Amino acid sequence: VKDWNGIDQVVLRAPRGASARASLHGGQVISWRNGRGEELLFTSSKAIFRPPKAIRGGIPLCFPQFGNCGSLEQHGFARNRMWVVEDDPPRLRTGESTGCVSVDLLLRPSEEDLKCWPHCFEFRLRVSLGADGDLSMISRIRNVDGKKFTFSFAYHTYLSVSDISEVRIEGLETLDYLDNLCNRERFTEQEDAITFESEVDRVYLGSPDVVAVLDHGKKQTFIIKKEGLPDTVVWNPWEKKSKSIVDFGDDEYKQMLCVDGAAVERPITLRPGEEWTGRLELSAVPSSFCIKN
Ligand code: TA6
């Protein structure tokens, strides 16, 4: 389908008539709805739709650099580029066996990109929606250059939540984390679950392949499964920081939480011909629990 700027937007609809769906704008998932048509990802009401610039929300891809710990623009250039829908004409792959519908996209560096990051790569992204509404993303990054290169990566995932004060993350307890609010100093998580009372901007290191985000208000839990992504970024800007971000609505920090499958602490090095794979699977399941006070 063509979107607001005549840009190809791909809409995945769950097979066999279920009403789950996911929408992509280039390589960015910008919407993921469950079987009841409820939106599960956050998108700012002040999002700036100026393709190919990434919009504030959904799941922008941070590559070849996470954050601003390098010479490139914040989070690298991949999220601000036009991706090619590999199936031409675009056709959606319905895997009968797995009951999922998927689309493949491809990004190669432009001449501009090569000026600031002189490494030839092929980044193939497959986004799939399962019959059960689960969303999965597989990134395959291949070094097609003559020399090795190193990159960091994150699926910058903006989850929609009822109210940040009703949300708890389980699975990151006892881990070390780098705290972006304290010059990336290293700390150890002391709590038995992460709850939110102020700005949080951390990279949890060596996190498990499954992290749960429990939303008491929605009686729902996000299950985040990941492979090849040893770190988990947790970010909520809170009120003051979100007011300083032009494409963030004033009180919207209450309705969002970034929990990103990432490879940050130990960037990935690929020799010529080598390929890295990073997998993310998101599901949203009903759950009833109380927030431990
Ligand atoms: O989530 C970690 C982080 O690096 C935060 O420090 C904050 O900058 C956030 O990403 C958003 O970055 P963006 O470039 O999307 O505004």
Side-chain angles (χ1 to χ4, degrees), residues 24-31 41-81 113 116-117 137 151-161 164 167 169 172 175-187 189 194 196 198-205 207 211 213 222 224 226 229-267 278 280 282:
L24 288 89
H25 176 243
Q28 182 177 355
V29 172
I30 56 171
S31 171
L41 297 179
F42 167 85
T43 304
S44 167
S45 62
K46 291 192 176 174
I48 299 167
F49 291 86
R50 192 179 303 124
K53 195 107 178 76
I55 68 164
R56 171 79 54 197
I59 310 178
L61 298 170
C62 303
F63 171 81
Q65 170 192 298
F66 175 78
N68 49 20
C69 45
S71 59
L72 301 177
E73 62 195 282
Q74 162 102 331
H75 292 330
F77 51 75
R79 64 175 177 167
N80 297 326
R81 293 293 178 271
D113 296 337
C116 60
W117 202 67
M137 301 177 77
F151 63 92
S152 51
F153 180 94
Y155 288 105
H156 198 18
T157 308
Y158 285 76
L159 299 173
S160 173
V161 299
I164 189 64
V167 173
I169 299 179
L172 302 178
L175 294 179
D176 281 3
Y177 62 86
L178 305 178
D179 193 336
N180 245 354
L181 305 181
C182 303
N183 297 319
R184 293 168 60 83
E185 207 177 310
R186 194 179 182 115
F187 297 89
E189 181 57 57
I194 299 167
F196 299 86
S198 61
E199 181 180 358
V200 170
D201 189 349
R202 301 172 182 171
V203 181
Y204 283 84
L205 307 174
S207 54
V211 175
V213 180
F222 286 107
I224 301 170
K226 47 199 182 78
L229 301 159
D231 305 323
T232 301
V233 178
V234 177
W235 178 56
N236 185 287
W238 219 253
E239 183 172 13
K240 183 164 175 281
K241 174 66 73 66
S242 64
K243 284 201 162 98
S244 73
I245 300 173
V246 65
D247 56 348
F248 221 121
D250 282 357
D251 283 340
E252 288 183 333
Y253 73 92
K254 294 176 183 171
Q255 274 75 47
M256 59 71 66
L257 177 61
C258 280
V259 184
D260 310 354
V264 174
E265 186 193 26
R266 294 194 178 85
L280 180 75
L282 300 177

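What you see below is based on every heavy atom in this structure, not just the backbone, and it leaves out hydrogens, waters and symmetry mates. The structure presented is a predicted model; accordingly, all values stated were derived computationally and were not measured. Ligands are counted one by one from 1 in listed order, and the atoms in each one are counted from 1 as well.
- The existence of a salt bridge linking K46 and E252 is excluded, since no basic side-chain nitrogen approaches an acidic carboxylate oxygen closer than 4.0 Å.
- Scanning the protein for heavy atoms near atom 3 (C) of ligand 1, the closest one is H75 NE2, 3.8 Å.
- Ring geometry for W235 versus Y158: interplanar angle over 60°, hence perpendicular rather than tilted (30 to 60°).
- In this structure, of H156, E73, R56, R79, the residue bringing a heavy atom nearest to atom 14 (O) of ligand 1 is R79.
- In terms of protein heavy atoms, atom 2 (C) of ligand 1 is closest to D201 OD1, 3.5 Å.
- Between F63 and W117, the two ring planes are perpendicular [angle over 60°; tilted spans 30° to 60°].
- Less than 4.0 angstrom separates some heavy atom of V233 from each of these atoms of ligand 1: 1 (O), 2 (C).
- Atoms of ligand 1 lying under 4.0 Å from at least one heavy atom of Y158, given by number and element, are 15 (O).
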Exercise for the section: Please step through salt bridge (charged side-chain N to carboxylate O under 4.0 Å, His left out) for the pair R186 and E265, ending with a clear verdict. Expected result: CA-CA 11 Å; R186 194 179 182 115; E265 186 193 26; 3.0 Å; yes

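- Heavy-atom contacts of N180 reach the following atoms of ligand 1: 6 (O) (cutoff under 4.0 Å).
- The N/O atoms of Q74, backbone and side chain alike, include one that comes under 3.5 Å of an N/O atom in ligand 1.
- Under a 4.0 Å heavy-atom criterion, F248 is not in contact with ligand 1.
- Dense packing is recorded around CG of D251, with more than 12 heavy atoms of other residues, nucleotides or ligands lying under 6.0 Å away.
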Exercise for the section: Before giving the answer on ring pair (Phe, Tyr, Trp, His ring centres under 6.0 Å), spell out for Y253 and F248 the whole-Å C-alpha distance, their side-chain angles and the decisive distance to 0.1 Å. Expected result: CA-CA 8 Å; Y253 73 92; F248 221 121; 8.1 Å; no

